[in-house]
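Small disclaimer: the values here were computed from a predicted structure and weren't measured. Keep in mind that the numbers below use all heavy atoms, side chains included, and drop hydrogens, waters and symmetry copies.
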Amino acid sequence: MRKQSDIIRELQDRLNAAEAICQDLLSHLYDSEAQGRIKFDDYRIKYTQEAIERREAEAKAKQLRDNFNTAKADFRDIAEANFWTLVFLNDKERQEKLDDIWSTITDSLVLPEDAKRPQHIVPELTVDQLINRRAELLDSINRTNATQYNDTIEHCNQSKTDFAKNMKRERDKQIAEINRKDGLSESERQRQVSETQAYFDREIKKHLLEMNRQISSAEVSLKRLDDHKAELAKVQQTLAKQLTH
């Protein structure tokens, strides 16, 4: 077993050789032994373990600050976009809603340990704001055709059933025709059956996805209509109170 002193001496020899090679290369690069030495000393200072750890800590701190600043900006934008939701909540409900917004934004972010949700003040409503919002809501409600959306949902649900039934019937018909064909090897027959099956499966799935997309879109529009009606009632109630004071 090699002595520890021999191992240390060998490592020191290799380190000396590596330093000599680096200095020699830097001297050639800068065409000056003095400049090469200066650059080598600069590298040696810059890449001490302490310096590396300090730079890593600074980079991490900067990333945390950047994450926090981004989160605060996103929080402000989303909170402002939710003004008409927040304004009708009591203080407890409002803080819970703001907490939910902050949690959603920061869920996948690493923040400084002392990072806290920014405060957000929802200003008191004015009569002009209420009148303008009432006009916006009425316009949206009047332009929404609930019957059309309900018909779309009913039609798409029925279409999913009818389309799948018809396509499966046609699929079985074509597969039966393939099985009745003469002169086909078993492998060729199986290939044609598999291709036919795959084609109809794709078409059924494609139609199903499209119908579900239309249903989802119609449901979103109906939900927005219900939300606007509920908000309109709050707007009109608040407006009536403001006008009677």
**Student:** Would you say Q63 and N67 are linked by a side-chain donor-acceptor pair, where the criterion is simply a distance under 3.5 Å?
**Tutor:**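 Looking only at side-chain atoms, Q63 and N67 do form a donor-acceptor pair, the distance falling under 3.5 Å.
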**Student:** Check each of R191, Q192, Q197 against E195 using the side chain to side chain donor-acceptor pair (under 3.5 Å) test, and report the only one that passes.
**Tutor:**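 Result: among R191, Q192, Q197, R191 is the only option passing the side chain to side chain donor-acceptor pair (under 3.5 Å) with E195.
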**Student:** Is any side-chain heavy atom of I215 less than 4.5 Å from a side-chain heavy atom of N157?
**Tutor:**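 Side-chain contact under 4.5 Å: yes.
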**Student:** Do the side-chain N and O atoms of N132 and E136 include a donor-acceptor pair separated by under 3.5 angstrom?
**Tutor:**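 On atom types as modelled, these side chains do not qualify, holding no pair under 3.5 Å.
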**Student:** Rounded to the nearest 0.5 Å, what separation is found between the OG atom of S103 and the CD atom of E96?
**Tutor:**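 If I round to the nearest 0.5 Å, the distance is 11.5 Å.
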**Student:** Check this for me: does any side-chain nitrogen of one of E231 and K234 sit under 4.0 Å from a carboxylate oxygen of the other?
**Tutor:**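 No salt bridge links E231 with K234.
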**Student:** Can you find a pair of side-chain heavy atoms, one from Q129 and one from F83, that are under 4.5 Å apart?
**Tutor:**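 Answer yes - side chains close enough.
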**Student:** Could you tell me whether the side chain of S217 and the main chain of R213 form a donor-acceptor pair under 3.5 Å?
**Tutor:**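 Between the backbone of R213 and the side chain of S217 there is no qualifying donor-acceptor contact (under 3.5 Å).
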**Student:** Do D66 and K62 meet the salt-bridge criterion of a basic N to acidic O distance under 4.0 Å?
**Tutor:**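 The answer is yes: the pair qualifies as a salt bridge.
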**Student:** Could you report the tightest heavy-atom contact between L232 and I141, atom names first, then the distance?
**Tutor:**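 In this case the closest contact between L232 and I141 is CD2-CD1, 3.8 Å.
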**Student:** So which heavy atom on I153 is nearest to which on E219, and how close?
**Tutor:**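 Scanning both residues completely, I find the closest heavy atoms to be CD1-CG, 3.7 Å.
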**Student:** For the residue pair H207 / S159, report whether a side-chain donor-acceptor contact shorter than 3.5 Å exists.
**Tutor:**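 Per modelled atom types, S159 and H207 side chains form a pair under 3.5 Å.
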**Student:** Quick one: closest heavy-atom pair of E80 and H120, and the distance?
**Tutor:**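 E80 and H120 have their closest heavy atoms at CG-CE1, 4.0 Å.
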**Student:** Let me see the working for R180 and E177 under side chain to side chain contact (heavy atoms under 4.5 Å, CB included), right down to the final yes or no.
**Tutor:** CA-CA 5 Å; R180 286 195 299 268; E177 291 175 355; 3.4 Å; yes
**Student:** Is it the case that the side chains of E186 and Q190 hold a donor-acceptor pair, with the cut-off being a distance below 3.5 Å and no angle test?
**Tutor:**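 The criterion, which ignores hydrogens and geometry beyond distance, is satisfied for E186 and Q190.
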**Student:** Do K160 and F163 meet the cation-pi criteria used here (NZ or CZ under 6.0 Å from the six-membered ring centre, within 45° of the axis)?
**Tutor:**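 Judged by the rule, K160 and F163 form no cation-pi pair.
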**Student:** Does the N166 side chain pair with the main chain of D162, one donor and one acceptor, at a distance under 3.5 Å?
**Tutor:**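 At least one qualifying donor-acceptor pair exists.
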**Student:** R94 side chain to L86 main-chain N or O, any donor-acceptor pair under 3.5 Å?
**Tutor:**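 Flag set: sc R94 to bb L86 pair under 3.5 Å.
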**Student:** With the side chain counted from C-beta on, respond yes when I101 and I105 share a heavy-atom pair under 4.5 Å apart, and no when they do not.
**Tutor:**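 The answer is yes, as the side chains (C-beta and beyond) meet within the 4.5 Å cut-off.
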**Student:** In this structure, are over 12 heavy atoms from other groups packed under 6.0 Å from K181 atom NZ?
**Tutor:**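 Yes, because the 6.0 Å sphere around NZ of K181 holds more than 12 heavy atoms from other groups.
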**Student:** Run the salt bridge (charged side-chain N to carboxylate O under 4.0 Å, His left out) test on D227 and K223 for me, step by step, so that the C-alpha distance in whole Å, both residues' side-chain angles and the decisive distance to 0.1 Å come before the verdict.
**Tutor:** CA-CA 6 Å; D227 290 344; K223 175 65 167 57; 2.9 Å; yes
**Student:** Can you find a side-chain donor-acceptor pair between E154 and N150 that sits under 3.5 Å?
**Tutor:**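 Checked: E154/N150 side chains show no N/O donor-acceptor pair below 3.5 Å.
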**Student:** Other residues, nucleotides and ligands only: do more than 12 of their heavy atoms fall within 6.0 Å of OH on Y199?
**Tutor:**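 Counting other residues, nucleotides and ligands, OH of Y199 stays at 12 neighbours or fewer.
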